[in-house]
Structures are given as C-alpha cells and as structure tokens.
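Please read the structure below before turning to the comments.
None of these values were measured; they are calculated from a predicted model. Counting starts at 1 for both ligands and their atoms, in listed order.
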Amino acid sequence: MSLPADDREPSRWTRDHVRRLERTDENTAPIIYPPTEKTDPDNHIWDTWLLRTPEGDVAEVDGYRVVVALTAPSDLLPGKRHDVATHRFYYSADGQNWTPGGDAFGASGPLGSRQWAGSATYDPETGNVRLYYTAAGVRDEAELSYTQHLAVAHGGSIRVDDGVHFDGPWHHESLAHPDGTWYEREEQSRGMIYTFRDPWYFEDPETGEAYVLFEANTPVLEGSDACGGDPAQQEFNGSVGIARASREDPTECELLPPLLDAVRVNQELERPHVVYREGTYYLFVASHRHTFAPGLDGYDALYGFAADSLFGEYEPLNGSGLVATNPSNAPFQAYSWLAYGHRDEILVTSFFNYYDYDRPSLDDVAHLSEAEQFRRFGGTLAPTLRLGVDGRRTWIRGTLDHGHLPTDGETLPETEDERVARRREGGDARGGDGY
Ligand code: FRU
C-alpha cells in the first residue's frame, strides 16, 4: 500500500552513501565501439524511451515496438543539440533494426522553444497515445531561456500500414510548474543547471494509482542554514519529484512532496523512473560526475534506489546507489540510462555519448576542434546492458548490441557466466567446448 503522500519526508541520498562509490566489475560497462550503422544517420539521438502500456510493459502495436528520442540534425555541433531538441520516433519489428518514423508531434506546435525528455504511453484498449515531455523555454522566444515545465500531448493515435505513423490531432497541455516550496523555481536557483523536467508516467501495480515522476531541485534559499550555511554546497540540491496523475484524464497532475532528495550531494537526478519487481520498487536516475557537490566524487552513471513501497523509504542499491557506469578510460561513453524489466533481469538502454575521450570533464569537449567534436560523439543508441538483480544488489551480467531492445517474449542469449555455470553443473549435453 502506498502511504498517504503529504506529510511524508523524502528518502535521502547522502554523502555517506556516495563516499562508498567505487568502480567494480559488477558496475562497470565494457568499452563501447562505434556501431557499423547509426540508428538514424540524419540525426543525433540522445535520451530515448520506449513506448509503454500504462501498466509499464513495452507496447507492441501490430508487431512493432516504438521508441521516442531527443534528436537534432546530425550536421549540428553535438554540444548545441539541447537548444533545438525535437522528439522523433523510431519503430522496429525485431527490436534491433529501427526505422525513422519522423517528428513525433508532426506540425502540432508543442509547448516550449524545444522539447526535452519525457515518456510515452499507448493504451491497447483505447488506442490512445500520450507523449509526456519537458517544455524547455517558451514557444517563439527571441532568446533561448532555461525555464522548464512538464507537458503532455494527448489525443493522438498510432496507425500501422507499410510503416508506423503517429496521427494527430495532438492537444498540448501544461501539466505542472514548480511550486517554489517542494520544487525550486528557476528564479530561486542558485547557479548550477536548473531542473524541472523529464516527466515519467508510472502506475503503481500494487494500487493501480497513476503518477508522474520528474527531475527537480529542492529550494534552498539564500541565507538558509541548510548545508551548514555553506553557499557552495547549497547549490547542489537535486531531487526526484512526483505528482498524482490519472489514466483517464491526461491533464491531471497534482504535485506531491519529492520521493528522493540529494541536497548537498548532487544537483541533477535525471530522468527518474521506476521498475517494479516482486514487491520492490527500483527507482533509477542518471547523473553526472560534474554535478556532485564539492568534496564528493562520482561518475557519469546510472544510480538506483529500492523500496518496498512507491513512496519509500528508498535505500541506495549496492550501498552507494551506483548501478552502472562507464569504464575509467572512456568515462563519458554513455549517458541517460533507462532501465526496464525483462523476465528475471533488468535491461538498460542509453545513448552512445563521447568516446575516444578521457579528459576529466565533458566541459573540455568545447576545447576540441569542431571536426573532433563531431568525430567523438556517438549520437546513437548504445549497447543494451543486462543487469542481474537480487534485492538491494545489482550487477552487470552482459550486454546486447547497440539499440537492441527486447520485449518480454524474447529469450535472451545465455550470458558467459550462465554458460560457465551450466557446464560446471554438467548441463552441457555436448560436454565439450565445441561452441
Ligand atoms: C539528460 C538530459 C535530460 C533533459 C535532456 C536535455 O540527458 O539532461 O534531463 O531532458 O538531457 O537534452
């Protein structure tokens, strides 16, 4: 049962948790090499999410699965892509080869001067599609602003003939703005990159209630005694927000207090989402090395927390929260991880970010020549990670190809560990090493 949400304290990600962070074989992904073909040669692709049913399963529409991704033309300098981000969709019959479907919103005029990450649902009973997104900036603004709010496009549907099409008319509605008490407003922000974004629709399987999770910041006002009154620490105030939503009414969105708070720990808890497995709620976020508060070291990584109810209390997975990161010689090779359940494991997709690049910070990308910035940016789906999971512990058990996103119906190949274990138990009928 979920708790009544209003007088609840958020769970905390603490400095002590983060001090335990360490790269190990269990959380470090193998090095990524460029694929022979990009998901979309005409566009950079970064944050990507699967079209899901309201219950959270990967949707299959007449045999196709669909992803929506942030995109920008591939001749644009990669670092500029956030300024023009557009949602495009891709579809696939086998979960491996993706066909570009075009601009997700067509000519319907989404909110914001560009659209940042979100989530997408398809209800097989009604055929309704909802596209949740971050309205970044304000439509038609003369100069780019960084204001953000949560929005939804509803009323559309999917049509399948010789391909997959998103049909309008889409109605764009604002869902939520920050309230200034639980969730920082832009004008309260103290310096680091401001966030109120990345709406993620989630239905609690134990109660059937609908919510939207999102990335936010906790207000820490100037002169407050939070973080020992240290302004340098007070800027780092990331949180995971939650709002009550509804399957019936796409515009319902009532802010509730945050699920998780990382004041004095980290500024950006990006793209929060939950995977439910047998009574445990796994809450995942992506975060960057450069957004950890002074005195803490972390990585560009997928971090995770687990609880026995949607409203917590959340404990960091693996003691520190670290679930999957990049190797030390390619620390920025992937980002914006998204986890989803697959049978007894969890799969994690992400995008192929900067490779052949091991400087301490992504900020140094700007010092490379433009040609090198293009050469070293992946801009396509990364190999999918396979996670083993047992209670509060996770480990990387293998990888699938770039952009391979299986549905539950698909049996995945045996991992190396499984093969060794099976052999040890004498389960290999051939008994030899002939394959
Ligand atoms: C993560 C992210 C998201 C945001 C998008 C903007 O990669 O920062 O939080 O919606 O990128 O491009």
key: Pairs satisfying side chain to side chain donor-acceptor pair (under 3.5 Å), at least one member in residues 348-360, at least two apart   = Asp356-Arg375
key: Salt-bridge present (Lys80, Asp75; N to O < 4.0 Å)   = no
task = Taking only Lys NZ, Arg NE, NH1 and NH2, and the carboxylate oxygens of Asp or Glu, determine whether Arg343 and Glu410 approach each other closer than 4.0 Å.
result = no
task = Side-chain contact test, heavy atoms from C-beta onward, threshold under 4.5 Å: evaluate it for Tyr340 versus Leu405 and give yes or no.
result = yes
Between ligand 1 and the protein, find all N/O pairs closer than 3.5 Å and give the distance for each.
residue, atom, partner, partner atom, Å
ligand 1, 7 (O), Asp47, OD1, 2.8
ligand 1, 7 (O), Asp47, OD2, 3.1
ligand 1, 8 (O), Arg197, NH2, 3.4
ligand 1, 8 (O), Glu270, OE1, 2.8
ligand 1, 8 (O), Glu270, OE2, 3.4
ligand 1, 9 (O), Arg197, NE, 2.9
ligand 1, 9 (O), Asp198, OD1, 3.4
ligand 1, 9 (O), Asp198, OD2, 2.6
ligand 1, 9 (O), Glu215, OE1, 3.3
ligand 1, 9 (O), Glu270, OE1, 2.8
ligand 1, 10 (O), Ala117, N, 3.0
ligand 1, 10 (O), Asp198, OD1, 2.7
ligand 1, 11 (O), Asp47, OD2, 3.2
ligand 1, 12 (O), Trp46, NE1, 2.9
ligand 1, 12 (O), His82, ND1, 2.6

inquiry  = Is the ring pair His402/Phe352 parallel, tilted or perpendicular, if the boundaries are 30 and 60 degrees?
reply    = perpendicular
task = Indicate whether any N or O donor in one side chain lies under 3.5 Å from an N or O acceptor in the other, for Asn318 and Ser320.
result = no
